[in-house]
Amino acid sequence: MSDSTAGSQQTGTASARPAGALEKKLRRKILALSIAAALGGFLFGFDSSVINGAVQAIEADFGLTDLPLLSGFVVACALLGCAIGAWFAGRIADRIGRIPVMLIGSALFLISSVGSAFAFATWDLIIWRVLGGLGIGIASVIAPAYISEIAPKAVRGSLASLQQLAITLGIFAALLSNALIAGAAGGANEPFWFNGDAWRWMFAVAVIPAAIYGILALRLPESPRYLAGKGRRDDARRVLASVTTDSEVDNALKEIEDSIAKDKEYARTGSLRGKLLGLMPVVWIGILLSVFQQLVGINVIFYYSTTLWNSVGFDIGNANTSFIISVVTSVINVAVTFIAIFLVDKVGRRPLLLVGSAGMAVSLGAMALAFTQAVPGVDGAAPTLPGAWGIIALAGANLFVVFFGATWGPIVWVLLGEIFPNRIRGKALGVAAAAQWLANFAITETFPGLSGFSLGFTYGLYTLFAVLSFVFVFFAVPETKGRSLESMDDLSPARQRRRERADAQKATTAS
């Protein structure tokens, strides 16, 4: 995957080779680079699920059984680390490059995995969890930025969607490894290899993907847009020559350099400051995309799905049943991500988001309606759903996962990687990702209290956010399909609609 062999041959050389074979070779390399970069998403998915398999054993070992708030913080504290890591990742990447920051993220997660495995008290486990969160937050910013900067615009959306696919695969891998380790040991708190508790080995296993991510990052070429911005023109050309046809290298490099020159000419800086509540409008678009992705309550389905399944009558106290339920949800999430990968560069970002918002609103609304019919449990037991309402709630939950996984899950990462102008991409993506992690933390922490008040009200609230997300996308989110990253300065839904009307009028006049 190294760019050391990439040449800067001229157009005539390219024409001497079969165009189809050359294009296939380039696409394979770009896909490999994107997969390697997206492994940061795998770390996020893995970490978010591995703790769920270990939390009960941790409560028993560290005396947290009667301290639910502290136990919940042990689970959620990594999200705060993620927000901090995401906030600073873009700024650091703009200074030292994308690849060094990937290596920092890999190292932090690897150290966190080892530290968590050897944790001896609650306070030091929290430290290791936050440290791992820093690494995940860094990876969540760098992966979409790097993929969008190195991928050709024609396939940029599908390749950027690999970030969400990696997240879903990470969730599934953690569930599987937890089940295998707990099954072999006879329980999460039973001794496993070298007499270490099984839950400690669940954390230790994360060393493997962390190390693979770091090793692959060492072999990735630096972003050509970062290199050009630092005046390393020959290096930028060499990377571009390795991922695009020779006839397109000069045009691609010129477009990048023109964008940089234009920023200097108009004295544009990397500041995010603007007239809209102190920030540029495009930064607010990124923040709201991130926040809405979480406010619809997707993590509630993954973190607290047992509440729903128990209400329908499943024995979630049975370990096998709980595992099967989690696997079914994870497999659905992985499978539907391929829908986005296939469609994002064909139909565009906005149509997929609008369909996703509408679908999520309907499915969440069905769940909210179902839970208004719930029969309260006795002595603190979960409420039950009588008759067909249980089936409606289950269908709504799974349809919600389908609509989210095929649209808002991957497409938000695509847009975050490409919507910002070059001069602010790192910083703006960091701010948007930090907002996403904070929203994730807020939803995760508030669900137990809200559900205790009323599950119908809770899912009704998520339904409202889904409706608002539709309105937001319709009026504020621009289409980026087929546009170069250097053209993102000229990006707004209103401007796009004016261009479309002007093009339509020209076509009518010409006919």
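From a predicted model like this one, the values you see are computed outputs, not experimental measurements.
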Peer 1: Between L110 and Y213, does the side chain to side chain contact (heavy atoms under 4.5 Å, CB included) criterion hold? Intermediate values first, please.
Peer 2: CA-CA 10 Å; L110 191 150; Y213 180 51; over 6 Å; no
Peer 1: Less than 4.5 Å apart, side chain to side chain, heavy atoms only: is that true for W87 and V431?
Peer 2: yes
Peer 1: Please list all pairs passing the salt bridge (charged side-chain N to carboxylate O under 4.0 Å, His left out) test where one or both residues lie in residues 108-118, with sequence neighbours left out.
Peer 2: none
Peer 1: Do any N or O atoms from the side chain of S106 and from the backbone of M102 form a donor-acceptor pair under 3.5 angstrom?
Peer 2: no
Peer 1: Any chance you could lay out the side chain to side chain contact (heavy atoms under 4.5 Å, CB included) test for F46 and S177, step after step, and finish with the verdict?
Peer 2: CA-CA 10 Å; F46 195 97; S177 67; 3.8 Å; yes
Peer 1: Are side-chain heavy atoms of I167 and W413 found at a separation under 4.5 Å?
Peer 2: yes
Peer 1: Which pairs, with at least one residue in residues 100-121 and sequence neighbours excluded, count as a salt bridge (charged side-chain N to carboxylate O under 4.0 Å, His left out)?
Peer 2: none
Peer 1: Which distance, rounded to the nearest 0.5 Å, do you find between the CD1 of I411 and the CD1 of I341?
Peer 2: 9.5 Å
Peer 1: Side-chain contact test, heavy atoms from C-beta onward, threshold under 4.5 Å: evaluate it for P410 versus V344 and give yes or no.
Peer 2: no
Peer 1: Check the pair L289 / W408 against side chain to side chain contact (heavy atoms under 4.5 Å, CB included), numbers first and verdict last.
Peer 2: CA-CA 9 Å; L289 278 169; W408 275 81; 4.0 Å; yes
Peer 1: Between OG of S148 and CZ of R225, what distance do you get to the nearest 0.5 Å?
Peer 2: 7.5 Å
Peer 1: Which side chain to side chain donor-acceptor pair (under 3.5 Å) pairs, counting each pair once, include a residue from residues 34-46, with sequence neighbours left out?
Peer 2: none
Peer 1: Which atoms form the tightest heavy-atom contact between A433 and A86, and what is the distance?
Peer 2: CB-CB, 3.7 Å
Peer 1: Looking at every heavy atom in both A476 and I285, which two are closest together, and how far apart are they?
Peer 2: O-CD1, 3.2 Å
Peer 1: Go through the structure and list residues passing side chain to side chain donor-acceptor pair (under 3.5 Å) with R95, not counting sequence neighbours.
Peer 2: none
Peer 1: Heavy atoms only: give me the nearest V282-P421 pair and the separation to one decimal.
Peer 2: CG1-CD, 4.3 Å
Peer 1: Given 3.5 Å as the limit, does a donor-acceptor pair link the side chain of S290 with the main chain of G286, or not?
Peer 2: yes
Peer 1: Could you check whether E222 pairs with R232 (Lys NZ or Arg NE/NH1/NH2 to Asp/Glu carboxylate O, under 4.0 Å)?
Peer 2: no
Peer 1: Please identify each residue that fulfils side chain to side chain donor-acceptor pair (under 3.5 Å) with T463, with sequence neighbours left out.
Peer 2: none
Peer 1: Side-chain contact test, heavy atoms from C-beta onward, threshold under 4.5 Å: evaluate it for V414 versus P144 and give yes or no.
Peer 2: no
Peer 1: According to salt bridge (charged side-chain N to carboxylate O under 4.0 Å, His left out), does anything in residues 465-475 pair up with another residue at least two apart or in another chain? List the pairs.
Peer 2: none
Peer 1: How close do G417 and L429 get, counting heavy atoms only, and between which atoms?
Peer 2: CA-CD1, 4.0 Å
Peer 1: Kindly write out the residues that satisfy salt bridge (Lys or Arg N to Asp or Glu O under 4.0 Å) with R91, not counting sequence neighbours, or none if the list is empty.
Peer 2: none
Peer 1: Are side-chain heavy atoms of L468 and F472 found at a separation under 4.5 Å?
Peer 2: no
Peer 1: Any non-hydrogen side-chain atom of Q293 less than 4.5 Å from a side-chain atom of S469?
Peer 2: no
Peer 1: Distance check, rounded to the nearest 0.5 Å: D235 atom CG versus Y226 atom OH?
Peer 2: 11.0 Å
Peer 1: If I take atom CG from residue N333 and atom CG from residue L169, how far apart are they, to the nearest 0.5 angstrom?
Peer 2: 9.5 Å
Peer 1: At what distance, to the nearest 0.5 angstrom, does CD of Q436 lie from CG of L288?
Peer 2: 12.5 Å
Peer 1: If you define the side chain from C-beta out and look only at heavy atoms, does anything of F338 sit under 4.5 Å from L165?
Peer 2: yes
Peer 1: Can you tell me how far apart CZ (R349) and CG (L354) are? Round to the nearest 0.5 Å.
Peer 2: 14.0 Å
Peer 1: For residues 200-209, run the donor-acceptor check on the side chains, cut-off 3.5 Å, and write out each pair with its distance to 0.1 Å, sequence neighbours left out.
Peer 2:
from: R200; atom 1: NH1; to: A117; atom 2: O; distance (Å): 3.0
from: R200; atom 1: NH1; to: A119; atom 2: O; distance (Å): 2.6
from: R200; atom 1: NH2; to: A119; atom 2: O; distance (Å): 3.0
from: W201; atom 1: NE1; to: W193; atom 2: O; distance (Å): 2.9

Peer 1: Minimum heavy-atom separation for T407 and L352, please, with both atom names.
Peer 2: CG2-O, 3.1 Å
Peer 1: In chain order, what residues pass the side chain to side chain donor-acceptor pair (under 3.5 Å) check against D94, with sequence neighbours excluded?
Peer 2: R98
Peer 1: Determine the minimum heavy-atom distance between W437 and G137, stating which atoms define it.
Peer 2: NE1-CA, 4.0 Å
Peer 1: Under the ring pair (Phe, Tyr, Trp, His ring centres under 6.0 Å) test, which residues partner F470, sequence neighbours left out?
Peer 2: none
Peer 1: Going by salt bridge (charged side-chain N to carboxylate O under 4.0 Å, His left out), name the pairs with one or both residues in residues 286-301, residues two or more places apart or in two chains.
Peer 2: none
Peer 1: Side chains of S113 and V50: does their closest heavy-atom pair fall under 4.5 Å?
Peer 2: no
Peer 1: Could you tabulate the donor-acceptor pairs under 3.5 Å formed by side-chain atoms of residues 126-134, not counting sequence neighbours?
Peer 2:
from: W128; atom 1: NE1; to: G115; atom 2: O; distance (Å): 3.3
from: W128; atom 1: NE1; to: D124; atom 2: OD2; distance (Å): 3.4
from: R129; atom 1: NE; to: V74; atom 2: O; distance (Å): 3.3
from: R129; atom 1: NH1; to: D47; atom 2: OD1; distance (Å): 3.0
from: R129; atom 1: NH1; to: D47; atom 2: OD2; distance (Å): 3.3
from: R129; atom 1: NH2; to: V75; atom 2: O; distance (Å): 3.0

Peer 1: Hey, mind stepping through F404 and V296 against side chain to side chain contact (heavy atoms under 4.5 Å, CB included) and telling me if it holds?
Peer 2: CA-CA 9 Å; F404 179 90; V296 294; 4.2 Å; yes
